[in-house]
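What follows is a single structure, written as C-alpha cells, with notes after it.
What you see is a predicted model; the values in this text were computed from it and never measured. Chain naming here is simple, since letters A, B, ... match the order of the sequence lines and numbering starts at 1 in each.
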There are 2 protein chains.
Amino acid sequence: MGRPALLSQDDFIAAATLVAARLGPAKTSIAAVSKAAGVPTGSIYHRLPSRDALLAEIWLAAADRFQAMALAAFAAASSIEAAAEAALVTSRFARAHHAQAVVLNSHRREEFVTADAPQEHRERAIKLAAELREAMTDIAARLLPGDPRGKERIAVALIGIPLGAVRVFLPQAVPPQEIDADIEAAVLAALRH
Amino acid sequence: MGRPALLSQDDFIAAATLVAARLGPAKTSIAAVSKAAGVPTGSIYHRLPSRDALLAEIWLAAADRFQAMALAAFAAASSIEAAAEAALVTSRFARAHHAQAVVLNSHRREEFVTADAPQEHRERAIKLAAELREAMTDIAARLLPGDPRGKERIAVALIGIPLGAVRVFLPQAVPPQEIDADIEAAVLAALRH
DNA sequence: GATATATTAGAATATATATTCTAATACTTC
DNA sequence: GAAGTATTAGAATATATATTCTAATATATC
C-alpha cells in the first residue's frame, strides 16, 4: 500500500477548487494549490499528470455535480410552472457549493478544460455538454411542442436567466434567498409570454 | 514625429480584443497579440508597459463602450416597461460588438484587470463599477420606490437576466434577434411580479 | 538635405513556474 | 519484523513567455 496520502483525491480537488474560485484559472498554479492543500508540489504529480489535468478535474467535478442536480430537477418537471421552479436549481447549487458555482459560472469552460488537457478529460466535458443539449431538446419537446424556437427558449429560460441572476452576486457573495422569486417569475414569463 | 506606427492605438486594442475573445485572457500572450495585430513584440512595449496593462486596456475599452450605451439607455427609462426595453442594450451590444461582449460576459473582470495592472487602470475599473452601482441605485429609487430590495432586483433584472440570456450564445455565436422578446418579458416579470 | 525621434524588427535575456528527480518515510502484507 | 511500495518532501531542472536591448528605418522639422 505504501505511505498514506495526506488528503483523499476528493479533498484535494476540493482544496484546489477553492483556490480556482478565489484566484481564477490563470493564477491557479501548482505552487498555489500545493500551499492551499498542504501537500508538496511533487505529490500533485503522483495524482495527476499535469496542471492542465488538474484544472480539468476541478471543472469536471463541479460540472458533474451541477449537471446531476439540474437534470434530476428538469426531468421531474412536467409543466411550465414546474420547470420554472426547477430552474431554481442554479441558485440553490450556488448557495450549497459556492466555489464550484464560481468555477462554472464566472469562467468559460475552455479556461479549465484546455486544448492541452488529457484526451480523457476533454471527452468527459464533451459528453456532459451533449447530455445537457439532449435534455434541453427533450424538455422543449415536452413543454413547448410545436414551437420552432422551443429549444432556444428553454436554454435561455432554464439555464441563461438563472445563471445571469446568480452571477450578479458571485464570486463575492452567495445569492440571497429572495432572488428565487424574481428568477421564477422571469423564467415563467420567458417560457409563456 | 518619428516613424509612423503600423496601427493606431484603437486598432491595436481592437486586434488584441479579438485574440482575447478567441483565446481567453490566460492565452492572450504578447506573442499571440503581436502576431494577430501584425506588429513586432517590442513595439507593444512602446505602447504599454506590460502584459497586465494590455489586458486591462482590452477590458476597459469594452467596459467603457458598454457602460456608455447602458447608462444612456437606462437614464431615459422612466417606467418599468421602458426599463425592460432598455435592458435589451446587452443583447444589442453583443450583436454590434461581439468580441468585446465576450470579453465582458464570459470572464471575470479580475482576469483582465489584475492585481498587477497599473494603478491608473485599476482605478478606472473601480470608477466604472461605482458609476454602475450609482446608476442602479438611481433607477431603483425611480422605478421601485419603497422596495427595500429595489436595488438588488434592478441589478438582477437589468444586468443579470440579459447577461445570462446572451451568454447562452457567446462566444461561438451572436445572440439571435428573437431572444429579445424573451428577455424583455423576463425582465418585466422580474420587476413587477 | 541634415537632424532628431518614434517606431519597426527581432534577437537576447530574465523570470516565473511547470515538471522531474532523489531521498526519506510511513504504511501494508507476508 | 522484514520487504515492498506509495507518498511525502523539497531541491533541481526545463520550459514557456514576458521583457529588454541593439540596430535599422521612416517620417517631421529646421
Side-chain angles (χ1 to χ4, degrees), chain A residues 1-17 19-20 22-59 110-122, chain B residues 1-17 19-20 22-59 110-122:
Chain A
M1 277 286 116
R3 182 173 180 169
L6 290 172
L7 255 57
S8 71
Q9 182 76 350
D10 283 357
D11 287 349
F12 171 68
I13 296 298
T17 299
V19 174
R22 185 147 31 84
L23 305 182
K27 289 269 170 71
T28 299
S29 63
I30 295 291
V33 170
S34 150
K35 190 179 164 193
V39 306
T41 61
S43 297
I44 292 178
Y45 288 90
H46 280 277
R47 300 172 181 269
L48 296 163
S50 68
R51 175 176 177 268
D52 287 281
L54 169 62
L55 290 176
E57 289 276 356
I58 290 170
W59 193 89
E110 290 77 15
E111 302 279 314
F112 282 97
V113 185
T114 69
D116 296 328
Q119 184 65 14
E120 173 212 340
H121 293 94
R122 308 263 306 290
Chain B
M1 277 285 115
R3 181 172 178 170
L6 291 172
L7 255 55
S8 71
Q9 183 76 350
D10 283 357
D11 287 350
F12 171 68
I13 296 299
T17 299
V19 174
R22 185 147 30 85
L23 304 182
K27 289 268 171 72
T28 300
S29 63
I30 295 291
V33 170
S34 150
K35 190 179 163 192
V39 306
T41 61
S43 297
I44 292 178
Y45 289 89
H46 280 276
R47 300 171 181 268
L48 296 163
S50 67
R51 175 176 177 268
D52 287 281
L54 169 61
L55 291 176
E57 289 276 355
I58 290 170
W59 193 89
E110 290 78 15
E111 302 277 316
F112 281 98
V113 186
T114 70
D116 296 328
Q119 184 66 14
E120 174 212 338
H121 292 93
R122 308 262 306 289

Could you give the side-chain donor-acceptor pairs of residues 29-39 of chain B under 3.5 Å, partners two or more places apart or in another chain?
| residue | atom | partner | partner atom | Å |
| --- | --- | --- | --- | --- |
| B:Ser29 | OG | B:Ala32 | N | 3.0 |
| B:Ser34 | OG | B:Val39 | O | 2.8 |

Just how far, in rounded Å, is C1' of C:dT13 from OH of B:Tyr45? 13 Å

Measure from the side chain of A:Ser50, starting at C-beta and using heavy atoms only, and say which of D:dT19, C:dT8, C:dT19 lies closest. C:dT19

Taking DNA chain C as the partner, which of residues 27-39 of chain A come within under 4.0 angstrom of it by heavy atom? A:Ser29, A:Ile30, A:Ala31

Is the phosphate of D:dG10, meaning OP1 or OP2, less than 4.0 Å from a side-chain N or O of A:Thr41? no

Among the nucleotides D:dA9, C:dG10, D:dA18, whichever has the atom closest to the side chain of A:Pro40 is D:dA9

A:Arg47 has an atom CZ; how far is it from atom C1' of D:dT7, in whole Å? 9 Å

Less than 3.5 Å apart, which donor and acceptor atoms pair up between the side chains of residues 47-58 of chain A and the rest of the protein, not counting sequence neighbours?
| residue | atom | partner | partner atom | Å |
| --- | --- | --- | --- | --- |
| A:Arg47 | NH1 | A:Leu7 | O | 3.4 |
| A:Arg47 | NH1 | A:Gln9 | OE1 | 3.2 |
| A:Arg47 | NH2 | A:Leu7 | O | 2.8 |
| A:Ser50 | OG | A:Asp52 | N | 3.4 |
| A:Ser50 | OG | A:Ala53 | N | 3.2 |
| A:Arg51 | NE | A:Thr28 | O | 3.1 |
| A:Arg51 | NH2 | A:Pro25 | O | 3.0 |
| A:Arg51 | NH2 | A:Ala26 | O | 3.4 |
| A:Asp52 | OD1 | A:Thr114 | OG1 | 2.7 |
| A:Glu57 | OE2 | A:His121 | NE2 | 2.9 |

How close or far is atom P of D:dG10 from atom CD1 of A:Ile44, stated in whole angstroms? 13 Å

note: A:Arg51, atom CZ; C:dT20, atom P; distance rounded to Å ~ 15 Å

If you take all heavy atoms of B:Leu23 and A:Glu111, which pair is closest and at what distance? O-OE2, 3.9 Å

Write out a two-atom table: protein N or O, nucleotide N or O from nucleotides 21-25 of chain D, distance below 3.5 Å.
| residue | atom | partner | partner atom | Å |
| --- | --- | --- | --- | --- |
| D:dT25 | O4' | B:Arg3 | NH1 | 3.3 |

Would you please confirm or rule out a distance under 4.0 Å between OP1 or OP2 of D:dT7 and any side-chain N or O of A:Ser43? no

When you compare the protein's N or O atoms with those of nucleotides 14-16 of chain D, which come within less than 3.5 Å of each other, and at what distance?
none

Report the residues that fulfil side-chain hydrogen bond (donor to acceptor under 3.5 Å, both in side chains) with B:Glu120, sequence neighbours left out, ordered by chain and then residue number. none

Could you tell me how far apart A:Leu48 (CG) and C:dT19 (P) are, to the nearest whole angstrom? 11 Å

